[in-house]
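Chain naming here is simple, since letters A, B, ... match the order of the sequence lines and numbering starts at 1 in each.
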Amino acid sequence: MTTLNTGRKGEKMLLMGNEAIARGALEAGVNVVTGYPGTPSSEIIDRLSKADRERNLYVEWSVNEKVATEVAAAGSFAGLRSMAVMKMMGVNVASDFLMHLVMTGTRGGLVLVSAEDPGAISSLTEGESRYYSKFLEFPLLEPGGFQEAKDMTKWAFELSEKINNIVMLRTVTRISHGSGNVVLGELPETSPRAHFEFNGTILDEQTGPILTVPGPFAVNLHARQQNKLQAAANLFEDCPFNTYEGPENPELLIITSSVCHLYCIEAVELVDAPDRVGILKLGTTWPLPAKFLKKHMQRTERILIIEEVLPFLEENIQVLACQLGAEFAAKKFHGKGDGTMDKVGELNPTLVAGALSRVLDLAMETVSVDYSENINKQAVDNAPDRMLTFCPGCPHRASFWSIKRVLELNNQQGFVCGDIGCYGMGMLPCGFETVKTVHSMGSGTGLASGFGKLGQFGMDQKVLSVCGDSTFFHTVMPALANAIHHRADITLVVLDNSGTAMTGFQPHPGLTIKASGTELPALDIPSICRAMGAKVQVVNPFDVENAEKVLLKTIEDPDGVKVVVMRQICALSPEKKSKKQFEIQVDENVCIGEECGCNRLCTRVFKCPGLVWDGEKKTSKIDAVLCVGCGVCHSICPSGAIQRKEIA
Amino acid sequence: MKQTTLSMDPYNLIITGVGGQGNVLASRLIGNMLSEQGYYITIGESFGAAQRGGAVESHIRVSAQRTYSPQIPKGKAHMVVALEPTEAIRILRDYGNPGVKVLSNMRPVYSMGVICGEQSYPSTEKIKECITASSKASWFVNSTDEALKLGNPIFGNIILIGALAGTNALPLDHKSFEKALLQRMKPDKIDVNLKAFDIGKEMTSA
């Protein structure tokens, strides 16, 4: 059996983009790997954590992305190849440290992997991090396929060591979560010794202390940093990841990068224009290789730039064209600037082919109108929409049920500030639309801290925030400290489901396991909150009656910050899966459906997918395939029709 | 490596279903079976939030020529394998064409709207009629029911891989399936999965 950490040179594997990146790091001899989970990045660390013993790695799921980058940088400062992995929002969190790091530079190769999500498939924004490379002045690499994801990762470490600075590798969902054939390279034997050398002069990058210092020295460091960037630009001039395919003098030159390269190749096929269109693919997207671009832009008078979301490449290439002189500035540029492409959303081959057909006035083969109109109507009529929902037996459904109920009982227009995780769906009907604000990690409690001080302006609403156990450590703790110190009148509900559930149960400091599964000391959330000065209660959300009693008493306590930890393990967690606590049944003789007066509380309001409204019998019933036997619906049925029997 | 000729190059296969039904494993197994025979395989997948009751689709591109993009162009699917029958209809809206073939499990997974009685779910006959009218060939199977007989509904995806093999749309057989399983699963899981594959293959073999 061939695995990522045993596959030999020359072997071919079908790898997910994230696995290819992980393999590339192994082939580079990486020693320190850190990150914080976030779709679509998480599999990189998940896979490397399984290689840590065999490949002499230190792998950790860090508390947040800033700390992850700092831990990886320490590895680099001590001479080891190191990598920090995160989704694009994580780069925002890390950016404060990054701005300083790029000034001091690095020693062992240091690579930052940012996995981004054009189209916001699994994210709350499309926000992208390419602009950081320009703003913070470090090199940006973007693989255009699966083989390249591996090869480029390895190369990124070499580049980092050539210029002594951090290099960012940017991937996107369709690469990270796509899969393709990859031919493996050699796995090196590494036995490095970590040592932080600081006895040289402050100007000696390899042996001196690694400091940012104010004043003229900072300006000197900045100049040194810019020289490194120029060195990278020079290396990019003949880099194998920048390629051209097409006629000698195409009517239209596409300039593209990342997964869009594959869309462009296919789009040219779809409009059948291989003789008219050439494709210039850039793997190095900052700084731009000026001479290389000049050489290829000379081929044509019309240029179409294909990239997702913001016009990063487009604007930088247009600036470069102006710098190259009037002949280049006068070329016709198509892209986001002239409205050929949208500045939002992800692309696909069809969208790129559409752009080509407009720019070149070419026909595009499409499915007949009859066929599309018919199937469209059938889909509208017969494929009911699937709104996201909590899984059957999800503790969050039970928690939001209780929160919603006590806010109604309290009757003061109370509301919940949400945070990032599955429980963000508390904004949807599955969470009874309890959550009224959602922003970045930790922001729910920060906002609550603010709302909780508005009493002096007449605000008399009860303010709650929710966060998950992993988010608590990520960025909620500073917001909680702020709220406690300023005596904000709020209740923080920690929805503790024992893991980073949304991204696949990665561990965090509240658990006794680290990335590779070995034991570590756990930090106890209730004890931390108590030590910080909050009043703390711990309840089981499946014990609905007690949970509601405690929550109501807590939110009605006007004195400062209260914390309720609602603790119940995720229904999907490996420990819990397939283990039912109760056998659930609806007694059809007791359930009187619409006649009950409960307004079909279980199926219309509580809405667990394991509970189904039987339109023929006019009663509720249990879907035995989906039900996980949590027993919560038994607690909410006012007529006692939903019965539960404990499974021994 | 010896390759059988594909009926189309690239051959565009979509596996669709609802989060949790085993889409991702099914697409990886099929990808491994074909990659092993020397084909260029690209699989495009989006997962994450979709796990939580949303529709999930995997695009599999099979080619003897080169790597294709992880997204199939609109209207260009050759085969749709649906773990959930109304998802087949949804996929056809974007990727269907008069030449497409459809293999669908008939066991519904109700959306929230259906569960709470706000939306209606089409009858089996209606679903079959819809799919038949919008495809060149179709196979309707009860893979979840068969999987339950094996003791766990999760085998439904494996039964469908077998059923796909039975249609002869792609060069997939028992032996290559066994090889792909050995790469991913513990030895004690192999036999039951092979059995599920054979049950599926039987369902569609002419």
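The shortest non-hydrogen separation linking A:L262 to B:T67 is CD2-O, 4.1 Å. In this structure, A:A379 and B:I89 approach most closely via the heavy-atom pair CA-CG2, 3.7 Å. B:C116 and A:R604 get closest at one heavy-atom pair: CB-CA, 3.8 Å. A:Y263 and B:Q71 get closest at one heavy-atom pair: OH-NE2, 2.8 Å. Closest non-hydrogen pair, B:Q119 versus A:D385, comes out as NE2-N, 3.7 Å. Across B:P98 and A:V367, no two heavy atoms sit closer than the pair CD-CG1, 4.4 Å.
We find the OG1-CD1 distance between A:T603 and B:I115 to be 9.5 Å, quoted to the nearest 0.5 Å. Atom OG1 of A:T366 is separated from atom CG of B:N97 by 11.5 Å, given to the nearest 0.5 angstrom. The distance from the OG1 atom of A:T3 to the CZ atom of B:R184 is 12.0 Å, given to the nearest 0.5 Å. Rounding to the nearest 0.5 angstrom, the gap separating the CG atom in A:L15 from the CD1 atom in B:I41 is 13.0 Å. Note that the CG atom of A:L14 and the CD atom of B:Q183 stand 9.5 Å from one another [nearest 0.5 Å]. A distance of 10.0 Å separates CE of A:M387 from CE of B:M112, quoted to the nearest 0.5 Å.
Formation of a donor-acceptor pair under 3.5 Å by the A:R174 side chain with backbone atoms of B:G44 is not found in this model. Side chain of B:R93 to backbone of A:K377: no donor-acceptor contact under 3.5 angstrom is found.
If you measure heavy-atom distances from A:N348 to chain B, the contacts under 4.5 Å come from both the backbone and the side chain. Looking at A:L428, neither its backbone nor its side chain comes within 4.5 Å of chain B, counting heavy atoms on both sides. The part of A:L270 that comes within reach of chain B is its side chain, from C-beta onward, which places non-hydrogen atoms under 4.5 angstrom from that chain. At a 4.5 Å heavy-atom cutoff, the contact between A:C608 and chain B is made by backbone atoms alone. For A:L351, no part lies under 4.5 angstrom from a heavy atom of chain B.
If you tally non-hydrogen atom pairs under 4.5 Å between each of B:G113, B:G96, B:S120 and chain A, the highest count goes to B:G96. Contact count against chain B (heavy-atom pairs under 4.5 Å) is highest for A:A383 among A:A267, A:C394, A:G178, A:A383.
Within 6.0 Å of atom NZ in A:K12, more than 12 heavy atoms from other residues, nucleotides or ligands are found, so the atom counts as buried in its surroundings. Within a 6.0 Å sphere centred on CD of A:E594, other residues, nucleotides and ligands contribute more than 12 heavy atoms.
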Evaluate side-chain contact (heavy atoms from CB on, under 4.5 Å) for B:T42 paired with A:F146, printing each intermediate quantity in order.
CA-CA 9 Å; B:T42 310; A:F146 305 97; 3.6 Å; yes

side-chain contact (heavy atoms from CB on, under 4.5 Å) between A:M16 and B:E45: does it pass, once the steps are laid out?
CA-CA 10 Å; A:M16 194 193 285; B:E45 239 143 13; 5.8 Å; no

After noting the C-alpha distance and the side-chain angles of B:L92 and A:Y371, does the key distance pass the side-chain contact (heavy atoms from CB on, under 4.5 Å) rule?
CA-CA 10 Å; B:L92 290 178; A:Y371 183 92; 4.2 Å; yes

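Proximity to chain A at a heavy-atom threshold of 4.5 Å picks out B:K126, B:C130, B:S134 from residues 124-137 of chain B, in numerical order. Among residues 612-621 of chain A, the residues having any heavy atom closer than 4.5 Å to a heavy atom of chain B are, in sequence order, A:V612, A:W613.
Ionic pairing of B:K76 and A:E269 is not present here: no N-O contact between side-chain nitrogen and carboxylate oxygen is shorter than 4.0 angstrom.
Residues A:R386 and B:T86 have side chains in contact (heavy-atom distance under 4.5 Å, counting atoms from C-beta outward).
A:E266 and B:Y68 form no side-chain donor-acceptor contact under 3.5 Å, judged by distance and modelled atom types alone.
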